Protein chains: 2
Amino acid sequence: MIQSAVVQQLRQGGVRVTPQRLAIAEAVLNSTDHPTVQQIHERVQQHFPSMTLATVYSTLGVLSKSGLIQELPFAKQSRYESNVSPHVNLVCIGCGNIADADDSSDIIIRLRDQVSNETRFQVMWQRVDFHGWCRTCQAAIEPAAAAGQ
Amino acid sequence: MIQSAVVQQLRQGGVRVTPQRLAIAEAVLNSTDHPTVQQIHERVQQHFPSMTLATVYSTLGVLSKSGLIQELPFAKQSRYESNVSPHVNLVCIGCGNIADADDSSDIIIRLRDQVSNETRFQVMWQRVDFHGWCRTCQAAIEPAAAAGQ
DNA sequence: ATATATGCAAATCATTTGCATTCCT
DNA sequence: AGGAATGCAAATGATTTGCATATAT
C-alpha cells in the first residue's frame with residue numbers, strides 16, 4: 001500500500017505521522033493537476049471536515065521539506081505536485097491547466113550535467129516550466145484563423 | 001543608445017513612454033542580479049524620489065506584457081530579469097543569489113522542440129530554474145567536511 | 001510523559017485598486 | 001484636448017503566527 005512508503009519517508013525525516021498529514025500527502029500524490037492549496041484543502045476536507053487552511057499550509061511545508069512533493073510558486077499562488085523527478089511542466093496560458101510532459105527527463109538530466117560541469121554550481125533540484133497553449137485551447141482559437149484562410 | 005530601442009518596443013505595443021517607465025526599464029535591463037520589486041524601487045527612487053511602489057508594480061506589469069522583461073515568481077516575492085531568451089537560472093539555496101547560466105540556450109531550444117513535437121503543446125516562453133549551491137556557498141560549507149576527512 | 005500537531009483567530013506582507021492630479025501624444 | 005500614467009492611501013488576499021487543546025511516539 002502506498003501509505004507505508006509515505007509513512008516511512010516521513011519518519012526517516014523525524015516527522016510525526018498524523019492522519020491529517022497522510023490525507024494531505026495522498027491528496028497531492030494522487031493528483032496530476034498540480035492543485036492549489038485551496039483545492040487540496042477542499043479535497044481533504046471531505047475526510048476531515050474540521051481541517052483548516054493553516055494545517056494544510058503547515059503540512060505542505062513539511063512534505064516539501066521531506067522531499068515528497070514540490071511547491072511551484074506562481075504569481076497568484078503556489079501549486080503543488082508529486083512528481084519530484086526531472087520533468088517539464090506544461091502551463092497553459094489559456095485554461096491555466098498544468099500537465100507534466102512525458103519523456104522530458106533525460107534531456108533535463110543532460111542539461112543539468114552540462115551546466116553543473118561548466119559552472120560548478122551544485123544542482124539539488126530544478127523546475128522547468130513551458131508556458132503556452134495546450135491542444136484544447138489551440139483548437140478553440142485556430143478555427144477562426146483557419147476560417148479566415 | 002539603449003533608450004531608443006526600449007522606447008520603440010514600448011510604442012509598438014501602444015504603451016506610453018514616461019520618464020518613470022524608462023527608468024524602471026533601465027534599472028531591470030542593466031541588472032544581472034534578478035532584483036526584487038523593492039530593490040528596483042530603491043534603485044529608481046535615487047532618480048525619482050517621489051515614485052511609489054504602486055507605480056513600480058504597474059510598470060513592471062507593462063514591461064512584462066511588452067516582452068521586455070520577465071517576471072520570476074518565487075514563494076516569498078517575485079523577481080525580475082531582462083534576459084528573455086532561453087536560459088537556465090541558477091538559484092542558490094544558501095545566499096539567495098540568482099545568476100544566468102551561460103551557454104544553456106541551445107539545449108533548452110532543443111528540449112522545447114522535442115516537447116513541442118511530442119505533445120503538440122505550443123510553447124510561447126519558458127522558465128528554467130536550477131536550485132542548488134553556488135561556488136561561494138559550497139566553499140563556505142565544504143571545508144568542514146574536508147577537515148573531517 | 002512530553003514534545004509536537006491541530007484548529008482557530010488574528011496578524012503579516014506582497015500586490016492591487018480607487019481616485020484626484022499630472023503628463024504623454 | 002483627452003485619455004492614460006502617477007502618487008497616495010486604502011483594500012485585498014495568500015500565507016504565517018500565537019496559543020490552547022489534542023495527539024503521536
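Values below: all heavy atoms of this structure, side chains included; hydrogens, waters and symmetry mates excluded. Every value quoted in this text rests on a predicted model; they were computed, and no experiment measured them. Below, read A as the first sequence line, B as the second, and so on, with proteins coming before strands; counting in each chain starts at 1.
No donor-acceptor distance shorter than 3.5 angstrom exists from the side chain of B/Glu71 to the backbone of B/Tyr80, with no hydrogens or angles considered. Under the 3.5 Å distance criterion, the side-chain polar atoms of B/Ser104 are matched with a main-chain donor or acceptor of B/Ala101.
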Step-by-step salt bridge (Lys or Arg N to Asp or Glu O under 4.0 Å) determination, A/Arg43 to A/Asp33: CA-CA 13 Å; A/Arg43 293 171 194 180; A/Asp33 61 344; 2.7 Å; yes
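The end-to-end axis angle of the helix from C/dA1-D/dT25 to C/dT25-D/dA1, rounded to 10 degrees and based on five pairs per end, is 50°.
The list of ring-ring contact (aromatic ring centres under 6.0 Å, His included) pairs with a residue in residues 82-128 of chain B, not counting sequence neighbours, reads A/His131-B/Trp125. The salt bridge (Lys or Arg N to Asp or Glu O under 4.0 Å) analysis of residues 117-129 of chain B, with sequence neighbours excluded, yields the pairs B/Arg127-B/Asp129.
In the hydrophobic clustering, A/Val84 connects to no other residue, as no ILVMFWY side-chain heavy atoms lie under 4.5 Å from its own.
Minimum heavy-atom separation, A/Cys134 to A/Cys92: N-SG, 3.4 Å.
Remark: B/Tyr57 is in phosphate contact with C/dT15, judged by side-chain N or O atoms under 4.0 Å from OP1 or OP2.
Residue A/Ile24 contributes atom CD1, which lies 10 Å from atom C1' of C/dT6 at whole-angstrom precision. Atom CG of A/Leu10 and atom P of D/dA24 are 14 Å apart (whole Å). A straight line from CG of A/Leu22 to C1' of D/dA24 spans 12 Å, rounded to a whole angstrom. Summarising the geometry, the separation between CD1 on A/Ile40 and C1' on D/dA14 is reported as 14 Å, rounded to the nearest angstrom.
Cluster membership for A/Met51 and A/Leu63, using ILVMFWY side-chain heavy atoms within less than 4.5 angstrom, is shared.
Among residues two or more places apart in sequence or in another chain, the side-chain contact (heavy atoms from CB on, under 4.5 Å) test is passed with A/Ala99 by none. With sequence neighbours excluded, the residues forming a side-chain contact (heavy atoms from CB on, under 4.5 Å) with B/Arg112 are A/Phe130, B/Val123, B/Gln126, listed by chain and number. The side-chain hydrogen bond (donor to acceptor under 3.5 Å, both in side chains) search around A/Ser85 returns A/Asn83, not counting sequence neighbours. In this structure, A/His47 has no ring-ring contact (aromatic ring centres under 6.0 Å, His included) partners at least two apart in sequence or on a different chain.
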Using atom types as modelled, flag every donor-acceptor pair under 3.5 Å from a side chain in residues 11-21 of chain A to any protein atom, sequence neighbours excluded.
from: A/Thr18; atom 1: OG1; to: A/Arg21; atom 2: N; distance (Å): 3.1
from: A/Arg21; atom 1: NH1; to: A/Arg16; atom 2: O; distance (Å): 2.8

At a cut-off of 3.5 Å, list every protein nitrogen or oxygen paired with a nitrogen or oxygen from nucleotides 23-25 of chain C, distance to 0.1 Å.
from: C/dC24; atom 1: O3'; to: B/Val17; atom 2: O; distance (Å): 3.2
from: C/dC24; atom 1: O2; to: B/Arg16; atom 2: NH1; distance (Å): 3.3
from: C/dT25; atom 1: OP1; to: B/Arg11; atom 2: NE; distance (Å): 3.4
from: C/dT25; atom 1: OP1; to: B/Val17; atom 2: N; distance (Å): 2.9
from: C/dT25; atom 1: OP2; to: B/Arg11; atom 2: NH2; distance (Å): 2.9

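Contact check of residues 59-80 of chain B against DNA chain C (heavy atom, cut-off under 4.0 Å) returns B/Lys76, B/Gln77, B/Ser78. Of the residues in residues 41-55 of chain B, B/Ala54 come within less than 4.0 Å of DNA chain C through at least one heavy atom, sorted by number.
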